[in-house]
*Asks:* 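This is the structure I have questions about; it appears just below.
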Number of protein chains: 2
Amino acid sequence: MPETARRADRLSGSRYGNRPTMKDVAARAGVGLKTVSRVVNSEPGVTPDTERRVQEAIDALGFRRNDSARVLRKGRTASIGLVLEDLADPFYGPLSRAVEEVARAHGALLINGSSAEDPDREQELALALCARRVDGLVVIPAGDDHRYLEPEMKAGVATVFVDRPAGRIDADVVLSDNLGGARDGVAHLIAHGHRRIGFIGDMPRIHTAAERLRGYRAAMQDAGIAVEDAWMSLGVTVPERVRRAAEGMLAGPSPVTAIFTGNNRVTVTVVRVLAEHRRPVALVGFDDIELADLLQPGVTVVAQDAAALGRTAAERLFRRLDGPSPAPERIELPTRLITRGSGELPPAD
Amino acid sequence: MPETARRADRLSGSRYGNRPTMKDVAARAGVGLKTVSRVVNSEPGVTPDTERRVQEAIDALGFRRNDSARVLRKGRTASIGLVLEDLADPFYGPLSRAVEEVARAHGALLINGSSAEDPDREQELALALCARRVDGLVVIPAGDDHRYLEPEMKAGVATVFVDRPAGRIDADVVLSDNLGGARDGVAHLIAHGHRRIGFIGDMPRIHTAAERLRGYRAAMQDAGIAVEDAWMSLGVTVPERVRRAAEGMLAGPSPVTAIFTGNNRVTVTVVRVLAEHRRPVALVGFDDIELADLLQPGVTVVAQDAAALGRTAAERLFRRLDGPSPAPERIELPTRLITRGSGELPPAD
DNA sequence: CGCGCTCATGACAACGTTGTCCAGGCTCTA
DNA sequence: TAGAGCCTGGACAACGTTGTCATGAGCGCG
């Protein structure tokens, strides 16, 4: 079956009423193909009369330019990809929105996908986006080896990593000051008289978790406190296990009087545990959580600015797209300690 | 300047090292163009030896198929668009994620954008997505007139509206039972002895807000209670104005003893106001909010299942894409009353 | 009045892929 | 051993757009 027959077939057999093309518009308006293109793109060199005729044909046929053909011809897709961990996580919503706003300001659309913290899925997604020829990529890494992106970056895909650094590859990175923030948070507890302070965080293979753990250790060391193994619980995020970890630290011969939690999900579970606990226990959490101010006591947190992370990364990406390529850079954003009560409770021995 | 010269120009002048194409791979492997295409797409009819040679050339050149050319040829883009109100809103995160999961299961990518509750921006976004030739569109409407999508839908863009119905157009819609949910929530307050019940909600031009208001009125009418104007505050979402509205209802000669709030953002502000109020006031909110169970008292809510809304809509969309087009349908998902304390407080006259 | 200049317009190739069809070489069978 | 049939591989067109260049009409000016 020759192409022309096939096309007719598709016309009738498919539920897609084939969309009109510039060629159809041109035929209807009695002008050349290129003239239609000129009108559609508001290029100069078309008389008002011709323009009107073309516009009428466009309206009559319901023509809309096929951007995917345009992209093929022009080389740029005016879209960027965002690979994050989980869109449903309240931390990534604002980040994603910030990236979107910057993209919009540059006339680009945003394609995004969740890796679900799975390195394979991250890679699959990132490469799928590259195959779509996104102009750039913002990646919140799940894995720790990004050499698979090297050919893409070399081929011109601007890439910026956010929240966690890229693995085994030289690239732009925008991070929060995880170490400093955690150190400040723990030091805050120490300043309020605590010495037996627990830490519950995610797997140390995740960069942010490792840095926050380092911050905890640094603060303890600065205060000359020897950390006991029983005070630390790593690689724990599932609510049930967080609960057991917290309860473990609060029981035993020398229970902790304060807990530092390594991320928002851990924090909310620990808040639940502490609400049931008879003795008051101090708490500082990494990441802000909604309504933290309304709890009794309010939850003191080390807050990151998720929107600023996203904005900074996206702006960096477009700078790279619009101008000459600067050397990869590591940008670190400060965190902010927000005191609300839970972190200022004195130790209750 | 002829095309060939221009291309060479782009090669040297641009920071994009032009990516290798199938043609390049074919040349290097010493085979025909189509044979490369066959290997890339795992089509039959290639001897193992030829396949190996082609694969080597692909690896050596770092070739990746250009999906945007593929799309142009095949007609389908394997991507769907999602137009929502604000990605940063905790209600839309899970919804968006659910749509993404369904898309992923169908091998499609998700492009999304926020309308910021601006009808013009919604239209601009939706049409931009159509120009990209997304296969389908999930829209959370900001405006109330969607006739602009009629040509697109006729041309084959599967479209499903979520959370709010389409305006002046016949299309699939997936909604929560806003009226019923609000009626149940208000009836719950009435069952606990309240009669002077306030309502604070968004502008009635937003469908969900209007339905919830109707639910409030219906419950009051069922109980034979005449609603006073002073008990209702419409079109109010900015925290400052919500605060004033709540304070207004709680003051005066016959203050309300309970408040029903029309969405999550209103609820959190009212919770703040009530926390400062001397008399206990009952509260039921539409939409669940995180940590609602940990507040004192816990916040009773009428919860929608955001993920189910997204999943249902996306599944409907792909059913439309994969099979014959069924007639537009209106799907309504139930809401769930979650009692946590604030809605069970007795009236304090 | 004719020369050249400007300007609107259109023909054509190219972007990188996939569908169709044909050619040639091979095997298998009569 | 010749003819039929199968299988591999390649040439070519087409998807819908945009960049380049050619063309010819209209016009001003000498």
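Being a predicted model, the structure only gives us computed values, none of them experimental. Letters A, B, ... mirror the listed sequences (proteins, then strands); counts begin at 1.
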*Asks:* Output the rounded distance in Å from NZ (Lys34(B)) to P (dA11(D)).
*Replies:* 13 Å

*Asks:* Please state whether the phosphate of dC15(C), meaning OP1 or OP2, lies under 4.0 angstrom from any side-chain nitrogen or oxygen of Thr21(B).
*Replies:*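 Result: no.
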
*Asks:* Looking at dG16(C), does its base get a donor-acceptor pair with the side chain of Arg19(B) below 3.5 Å?
*Replies:* no

*Asks:* Using heavy atoms to find the nearest nucleotide of DNA chain C for Lys23(B) and Thr47(A) separately, return the residue whose nucleotide is more 5′.
*Replies:*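 In this pair, the answer is Thr47(A).
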
*Asks:* Rounded to the nearest Å, what distance is computed from the CG atom of residue Asn66(A) to the C1' atom of nucleotide dG16(D)?
*Replies:* 6 Å

*Asks:* Atom NZ of Lys74(A) to atom P of dC15(D): distance rounded to whole Å?
*Replies:*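 Computing the Lys74(A):NZ to dC15(D):P distance gives 22 Å.
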
*Asks:* Toward the 5' end of DNA chain D, which comes first, Arg38(B) or Arg65(A), by nearest nucleotide?
*Replies:*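 Nearest-nucleotide comparison on DNA chain D picks Arg38(B).
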
*Asks:* Report yes if a side-chain nitrogen or oxygen of Thr35(B) is closer than 4.0 Å to either non-bridging phosphate oxygen (OP1 or OP2) of dT8(D); otherwise report no.
*Replies:* no

*Asks:* Is a donor on one side and an acceptor on the other found under 3.5 Å between the side chain of Asp135(B) and the backbone of Ala78(B)?
*Replies:* yes

*Asks:* With a 4.0 Å cut-off on N to O distance, would you call Glu101(B) and Arg97(B) a salt bridge?
*Replies:*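 Arg97(B) and Glu101(B): salt-bridged.
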
*Asks:* What is the distance, to the nearest angstrom, from the CD atom on Glu51(B) to the P atom on dT8(D)?
*Replies:* 11 Å

*Asks:* Heavy atoms only, 4.0 Å cut-off, all strands: where does Asp67(B) land among base, sugar-phosphate and nothing?
*Replies:*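 If one applies the 4.0 Å heavy-atom cut-off, Asp67(B) turns out to touch nothing in the nucleic acid.
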
*Asks:* side-chain hydrogen bond (donor to acceptor under 3.5 Å, both in side chains) between Arg121(B) and Ser115(B): does it pass, once the steps are laid out?
*Replies:* CA-CA 5 Å; Arg121(B) 194 162 153 183; Ser115(B) 68; over 6 Å; no

*Asks:* Going by an N to O cut-off under 4.0 Å, is there a salt bridge joining Arg53(B) and Asp49(B)?
*Replies:*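 Asp49(B) and Arg53(B): salt-bridged.
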
*Asks:* Would you indicate, yes or no, if dT18(C) has its OP1 or OP2 atom less than 4.0 angstrom from a side-chain nitrogen or oxygen of Ser37(B)?
*Replies:*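 Answer is yes, contact under 4.0 Å.
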
*Asks:* Just to be sure I understand the rule, does Ser68(B) reach a base, reach only the sugar-phosphate, or reach nothing, if contact means heavy atoms closer than 4.0 Å?
*Replies:*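 Ser68(B): no heavy atom of the nucleic acid under 4.0 Å.
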
*Asks:* May I ask you to verify if any side-chain N or O of Arg73(A) is less than 4.0 angstrom from the OP1 or OP2 atom of dA14(C)?
*Replies:* no

*Asks:* To the nearest angstrom, how far is Met22(B) atom CE from dC15(C) atom P?
*Replies:*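 Rounded to whole Å, this separation is 15 Å.
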
*Asks:* Using a distance-only test with no angle check, is there a side-chain donor-acceptor pair under 3.5 angstrom linking Thr159(A) and Glu152(A)?
*Replies:*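 No donor-acceptor contact under 3.5 Å links the two side chains.
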
*Asks:* Starting at the 5' end of DNA chain C and moving along, which residue's nearest nucleotide shows up first, Leu72(B) or Glu43(B)?
*Replies:* Leu72(B)

*Asks:* Rounded to the Å, how far apart are Arg133(A) CZ and dT17(D) C1'?
*Replies:* 18 Å

*Asks:* Which of these nucleotides, dT9(C), dT18(D), dG9(D), is closest to any side-chain atom of Leu33(A)?
*Replies:* dT18(D)

*Asks:* When we call it a touch if two heavy atoms are under 4.0 Å apart, what does Val71(A) touch: a base, just sugar-phosphate, or nothing?
*Replies:*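 Touches nothing.
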
*Asks:* Quick one: is Asn41(A) getting a side-chain N or O under 4.0 Å of the dT18(D) phosphate, OP1 or OP2?
*Replies:* yes

*Asks:* Closest to the Val46(A) side chain: dT9(C), dG16(C), dG10(C)?
*Replies:* dT9(C)

